[in-house]
Amino acid sequence: MLIIIGIITIFFLFNLKGAKAEEIFLTAEERTWLDEHKNEIKIGYTIDYPPVEFLSNGQYAGISADYFKLLEQKLGIKIQMVQFDNFDELIKQVQKRELTGITAATKTPERSKYLEFTVPYIDNPNVIITRKNFSENLTFEKLTNASMDIVVIEGYDIIEFLNDKYPKLEYRTVKSPSDGIRMVAFGEADAMIIEIMSATETIERDNISNLIVNIETPYESSLSIATRSDWPILSQIFNKGLAQITDREKKVIEQKWMSLQKQSLFENTYFWIGVVSFVLLLIIIIIVILVWNSSLQAAVKEKTQAIEESKKELMFKTYHDELTGLYNRAYMAEMLKQLKQENSLPFSIIVADLNALKITNDTFGHETGDQMLIRVSEIINENINENHVACRIGGDEIVVLMPSTDEREANDIVGKIQKAVLAAKEDPIKPLIALGCATIHGEVNNSFSSLFKLAEDRMYANKMAESDKNYDMIINSIKKNLYENKNESKEHCKRLVDMCRQMGEILNLEKNDIESLALLAELHDIGKVGIEKELFLKEGALTTEEWQKVKRHPELGFKIVSASTKLSYIGKGIFAHHERWDGSGYPQGLKGEEIPFIARLFSIVEAYDVMTHERSYKPIFTKEMAIQELRDNSGSQFDPSLVRIFVNHINNASLASTPSP
């Protein structure tokens with residue numbers, strides 16, 4: 001009895017000491033501030049960020065939820081928790097000071113302008129997620145130079161990092177981890193940059209089996225509690241509250257949400273169901289064997305054949321590229337090992353790289369880009385020898401291994417491939433590739449790296465030497481497709497070019513500026529080739545969704561011409577040819593003289609030609625009606641001074657063409 005009383009006394013004193021310590025860890029100033037503001041503290045959280053925070057049966061749950069429950073106990077306050085569907089909206093509310101802070105956020109230079117951050121309480125490295133059939137290890141540098149469709153989560157700190165360190169890396173944003181993971185799993189995107197905890201939880205929760213962590217990046221999202229910067233004392237209070245959370249309490253949270261312990265196989269109910277099922281099946285098989293021995297032998301033979309077919313199918317998938325049917329990087333490595341033991345000299349390789357894949361993906365979509373890659377792969381296979389092996393080793397890179405092939409024969413094959421590619425039809429644009437080859441006569445196993453480097457250098461030299469010529473062919477293919485699909489007419493473009501040249505001469509522009517204006521008139525709507533032709537031919541008003549699609553064509557046109565050094569200088573004009581003088585245009589909302597001069601002038605010329613010639617969606621205006629329309633929109637849609645000059649030109653041209661009495 002005395003021992004029990006002693007234990008109870010020690011327990012009581014220990015708790016009293018703990019309570020006393022909990023009471024005094026805040027200063028009088030901090031406790032007073034908390035009492036005065038306890039009803040004003042509103043912290044926002046997102047509902048699709050497992051295991052950090054999410055909704056479970058409609059209730060706030062996850063690592064952050066458990067930490068905030070402990071903070072409420074330690075600080076003796078009730079915190080108002082505010083729910084948001086996505087992080088981007090949460091950030092906007094914090095910037096407006098309509099919220100006190102965020103449960104879990106990574107400190108960045110931009111966010112530090114309006115937020116204070118506690119010490120991190122969750123470490124969460126970022127990874128790159130791809131499908132399992134993607135064999136190459138990726139880096140941010142490789143993503144910058146690859147024609148891959150990358151997704152990141154809207155509003156996350158990784159975006160600020162990428163924009164700062166890798167400004168040329170192109171990506172799309174998604175609302176939540178689930179959205180991005182599913183897009184990669186279903187082939188709607190190639191890769192996703194995401195925090196590993198969110199990726200693991202989403203993949204396991206949705207039972208997604210075709211994704212892998214391609215690589216862990218050097219960028220780590222350490223999560224802290226973020227609070228408004230004009231209340232620095234609250235960040236101090238939360239830091240002290242976090243310091244009061246014991247290692248044991250942290251361990252409980254860690255084991256609850258991040259435990260790596262897996263259930264023992266022998267504790268798994270499904271395992272025993274499988275064992276029992278197997279035993280019963282075995283008994284049935286034995287009975288069948290004893291009774292129907294001859295029939296079973298036939299079944300075993302049939303099963304053996306099926307297994308052999310499965311092995312062949314598995315072997316094919318192991319060593320072949322899923323899209324093109326060519327061999328893959330793994331097979332190339334096996335082939336090189338085999339060549340070490342065989343007399344394969346002289347040994348040649350060809351390195352091929354598809355020139356127009358990125359512009360095809362951007363303009364016509366990834367499905368069309370895949371078809372182009374398949375067609376080029378077929379052309380290469382059709383023009384190499386039986387003992388040669390073509391392997392797709394990257395996004396648009398193909399290597400041909402050519403044992404027992406000298407320089408002359410290798411160069412002949414390069415010529416045949418190039419000729420076949422040039423003869424290929426435009427579907428929708430002509431496929432073009434850069435090729436480089438190299439040959440060795442010495443030991444294969446010690447020289448392949450240098451051989452590959454030499455062939456690759458020659459391929460890049462070929463790509464650079466032919467870049468302007470190839471791009472001219474691509475632009476011509478796109479223009480041809482544009483005219484054939486009725487998205488634009490040659491007659492309309494010719495009229496615009498002629499009028500733009502006339503206006504350039506009237507304004508005494510330099511010859512180069514007049515040529516830029518004429519080229520803009522010729523290529524201004526080149527971006528329409530990437531949009532469904534039916535939208536431009538539709539009679540009546542477009543829906544909101546259809547109008548948003550149509551408004552993308554200046555941006556698509558900008559991307560197309562920006563890839564060419566010969567045409568990039570008119571890119572800004574194409575991008576801005578639907579901007580308005582009052583700033584209500586698209587896609588950038590430029591205003592006044594922010595709009596490039598050639599775009600302001602061209603928009604007037606195009607508007608006049610559209611009004612005075614037949615279009616599917618409106619009646620034809622007379623010259624006088626069109627002039628009045630230009631005047632009515634002067635200062636709102638059009639540059640007023642340029643409208644006056646253009647109208648004078650039209651009137652003078654009409655007077656000059658009127659015969660004298």
Side-chain angles (χ1 to χ4, degrees), residues 167-168 170 359 362-363 471 475 478-479 482 487-488 492-493 495-504 506-507 509-531 535-536 542 546-611 615 626 629-630 632-647 649:
K168 294 184 178 179
E170 296 186 2
I359 191 172
D362 289 344
T363 306
Y471 203 82
I475 291 295
I478 293 175
K479 285 166 59 180
L482 191 68
N487 288 344
E488 197 60 89
H492 173 59
C493 287
R495 289 193 302 270
L496 292 178
V497 169
D498 291 342
M499 277 197 289
C500 283
R501 288 187 188 278
Q502 292 170 17
M503 288 302 299
I506 289 169
L507 292 168
L509 299 183
E510 296 289 338
K511 182 177 179 181
N512 289 341
D513 293 333
I514 294 176
E515 291 306 312
S516 298
L517 188 59
L519 192 57
L520 171 60
E522 183 180 358
L523 300 178
H524 68 284
D525 273 343
I526 197 169
K528 286 184 178 179
V529 76
I531 300 172
L535 297 182
F536 297 99
L542 299 176
E546 290 171 339
W547 179 235
Q548 290 303 318
K549 290 181 180 179
V550 169
K551 288 169 67 175
R552 290 187 60 240
H553 79 271
E555 180 183 356
L556 286 176
F558 173 77
K559 286 185 176 181
I560 293 170
V561 301
S562 294
S564 168
T565 54
K566 289 175 60 179
L567 302 176
S568 60
Y569 66 94
I570 66 162
K572 290 183 178 179
I574 290 177
F575 204 4
H577 79 278
H578 278 294
E579 302 291 349
R580 294 171 60 101
W581 183 258
D582 61 5
S584 63
Y586 66 88
Q588 303 171 85
L590 301 180
K591 183 177 182 181
E593 294 187 358
E594 294 175 352
I595 306 169
F597 176 79
I598 62 172
R600 281 182 276 145
L601 180 55
F602 171 75
S603 67
I604 297 170
V605 174
E606 185 190 29
Y608 180 80
D609 187 75
V610 168
M611 286 188 286
R615 280 287 197 258
E629 188 73 11
L630 291 176
D632 289 345
N633 287 278
S634 176
S636 56
Q637 182 175 354
F638 306 115
D639 182 335
S641 60
L642 292 179
V643 167
R644 286 193 297 271
I645 296 172
F646 181 79
V647 168
H649 165 63

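The figures here come from the full heavy-atom set of this structure, side chains too, leaving out hydrogens, waters and symmetry mates.
Here Glu594 pairs with nothing under the salt bridge (Lys or Arg N to Asp or Glu O under 4.0 Å) rule; sequence neighbours left out. Every residue meeting the side-chain contact (heavy atoms from CB on, under 4.5 Å) condition with Leu601, not counting sequence neighbours, appears here in chain and number order: Met503, Leu507, Leu517, Phe597, Leu642. Residues passing the side-chain contact (heavy atoms from CB on, under 4.5 Å) test with Lys572 are Pro596, sequence neighbours excluded. Partners of Asp582 under the side chain to side chain donor-acceptor pair (under 3.5 Å) rule, at least two apart in sequence or in another chain, are Ser584. The salt bridge (Lys or Arg N to Asp or Glu O under 4.0 Å) check on Asp498 picks up Lys494, with sequence neighbours excluded. Contacts of Leu556 classified as side-chain contact (heavy atoms from CB on, under 4.5 Å), with partners at least two apart in sequence or in another chain: Ile531, Arg552. Partners of Asp639 according to the side chain to side chain donor-acceptor pair (under 3.5 Å) rule, which considers only residues two or more places apart in sequence or in another chain, are Arg600, Ser641. Judged as a side-chain contact (heavy atoms from CB on, under 4.5 Å), and not counting sequence neighbours, the contacts of Tyr586 are Trp547, Lys551, His553, Pro554, His578. Applying the ring-ring contact (aromatic ring centres under 6.0 Å, His included) criterion to Phe638, with sequence neighbours excluded, gives no partner residue. Among residues two or more places apart in sequence or in another chain, the side chain to side chain donor-acceptor pair (under 3.5 Å) test is passed with Glu515 by Arg501. With sequence neighbours left out, the side chain to side chain donor-acceptor pair (under 3.5 Å) criterion links Gln548 to no other residue.
Ring pair His577/His524 is perpendicular by interplanar angle, where above 60° counts as perpendicular and below 30° as parallel.
Checked by atom type and distance alone, the side chain of Gln588 never pairs as donor or acceptor with a backbone atom of Glu579 at under 3.5 Å. A donor-acceptor pair under 3.5 Å links the side-chain atoms of Ser516 to the main chain of Asn512, judged by distance alone.
The shortest heavy-atom contact between Val497 and Glu522 is CG2-N, 4.0 Å.
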